[in-house]
Visitor: 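Mind looking over this structure? Questions follow.
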2 protein chains.
Amino acid sequence: MQEKVFKPTDAELEILSIVWENGPSTVKFVNEKLNESRLVGYTTTLKTMQIMYEKELLGRNRSGRSHTYKALRKESETQGMILDKILDTVFSGSASKLVMQALTSGKTSPKEIEEIKNFIEKMKGDDDGNI
Amino acid sequence: MQEKVFKPTDAELEILSIVWENGPSTVKFVNEKLNESRLVGYTTTLKTMQIMYEKELLGRNRSGRSHTYKALRKESETQGMILDKILDTVFSGSASKLVMQALTSGKTSPKEIEEIKNFIEKMKGDDDGNI
DNA sequence: CACCACATACGAAACCTTTCGTAATTAGAT
DNA sequence: ATCTAATTACGAAAGGTTTCGTATGTGGTG
């Protein structure tokens, strides 16, 4: 039962993605990455990352005259939290509905479907052992 | 390529859930339902539903002195849009990662896992026909 | 050490969401 | 017709997010 649900905003999520993918990064680097997909001013990115530091979404330390920021939570942990919230608020807690909706969107390749199937087979095996 | 991504806010999603589950509803009804889980003033609910009407999330028509509101989009359509966004922004487009994360959270019952497995089997069959 | 380039810090504007108080409207009862 | 209770409409405050301009600080170079 977490008291305060951890919930990055959209802008924060964009930055987290970059840091997760590229590892500890400077504001300059993150801002350049952001600008590959949309226009954002440098100080905008800086400010957002400073806020994320205050919120403890990012850690940082000086290196020379600048800061290097790193994600304080693992990508999978954050993904899990976000998905749990969606599960509750959008799918009334039904994971099967969520999964089926995800698979129905048509954005899943046959290869991915195969991966998922294998994953489920493995999972069922684990469960059987525990029942 | 949708120009303007449709994205209900949290409060709007709460209301949509109620209307999806119960069908066309008055403000009074929705507000009572909301108050089963948290305290919300009547005019707060009213205002939110009026905004949703302007945004074309809800349709409405007078019945007597009050309005009856109905959802203008199907639940599944909205769920799909929300999930697509999460897929892109949180899972870099990898549906398999998303699905596995959903299944790993531990909130999926064995019965649901069975349902999902059957669904995938069926899906694979459909695909094979198309390849 | 003075300068320049770069980086951070600060503050505020613009915008959105959520909330609710108050005013106006309406339908039905007396 | 008038009053009352229910309902809608309106406006604005409070809080959060995103944006960026300007000020301040810092480290290396001449």
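Reminder, nothing fancy here: chain letters follow the sequence lines and each chain counts from 1.
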Visitor: Within the distance-only criterion (no hydrogens, no angle test), does the side chain of B/Q79 pair as donor or acceptor with the backbone N or O of A/V90 below 3.5 angstrom?
Guide: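 Indeed, once roles are kept as given, a pair shorter than 3.5 Å links the two residues.
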Visitor: Would you mind classifying the nucleic acid contact of B/T9 as base, sugar-phosphate or nothing, using non-hydrogen atoms under 4.0 angstrom?
Guide: sugar-phosphate
Visitor: Return the value, rounded to whole Å, for the distance between atom OH of B/Y53 and atom P of D/dT7.
Guide: 19 Å
Visitor: When you check the phosphate oxygens OP1 and OP2 of C/dG21, does a side-chain N or O of B/Y42 lie under 4.0 Å from one of them?
Guide: no
Visitor: How long is the line joining CG of B/N31 and P of C/dT19, in whole Å?
Guide: 11 Å
Visitor: For DNA chain D, whose closest nucleotide is more 5', that of B/R65 or that of A/I51?
Guide: B/R65
Visitor: Nearest whole angstrom, please: distance from the P of C/dT18 to the CE of B/M49.
Guide: 15 Å
Visitor: OP1 or OP2 of D/dT18 sitting under 4.0 Å from any side-chain N/O of A/T44?
Guide: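 No.
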Visitor: Could you check whether any side-chain N or O of A/T89 sits under 3.5 Å from a backbone N or O of A/L87, counting only pairs where one atom can act as donor and the other as acceptor?
Guide: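 Flag not set: sc A/T89 to bb A/L87 has no pair under 3.5 Å.
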Visitor: Roughly how many Å is it from CG in B/L46 to C1' in C/dT25, rounded to a whole number?
Guide: 13 Å
Visitor: Taking any heavy-atom pair under 4.0 Å as a contact, classify B/T43: base, sugar-phosphate, or nothing.
Guide: base
Visitor: Any side-chain N or O of A/Q50 less than 4.0 Å from the OP1 or OP2 oxygen of C/dT8?
Guide: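 For A/Q50, the contact criterion (side-chain N or O under 4.0 Å from OP1 or OP2 of C/dT8) is not met.
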Visitor: In the single-linkage hydrophobic clustering (I, L, V, M, F, W, Y; side-chain heavy atoms under 4.5 Å), do B/F29 and B/W20 co-cluster?
Guide: yes
Visitor: Below 4.0 angstrom, N of the basic side chain to O of the carboxylate: do B/E32 and B/K28 qualify?
Guide: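 Salt bridge between B/E32 and B/K28, a charged N being under 4.0 Å from a carboxylate O: yes.
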Visitor: What's the CZ-C1' distance between A/F29 and C/dA7, to the nearest Å?
Guide: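 Taking atom C1' of C/dA7 as the reference, CZ of A/F29 is at 17 Å.
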Visitor: Rounding to an integer number of Å, can you tell me how far B/K55 NZ sits from C/dC15 C1'?
Guide: 13 Å
Visitor: With respect to the phosphate group of D/dT7, does any side-chain polar atom (N or O) of B/R60 fall under 4.0 Å of OP1 or OP2?
Guide: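 Answer no for this pair, as no side-chain N or O of B/R60 is under 4.0 Å from OP1 or OP2.
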Visitor: Please state how far atom CD in A/E12 lies from atom P in D/dT17, giving the value in whole angstrom units.
Guide: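 Rounding to the nearest Å, CD of A/E12 and P of D/dT17 are 7 Å apart.
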Visitor: For B/K28, which contact category applies under a 4.0 Å heavy-atom criterion: base, sugar-phosphate, or nothing?
Guide: sugar-phosphate
Visitor: Distance alone, cut at 3.5 Å: any donor-acceptor contact between the side chains of B/T26 and B/S66?
Guide: no
Visitor: Please give, in whole Å, the distance from D/dA12 P to B/K47 NZ?
Guide: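 About 11 Å, once rounded to whole Å.
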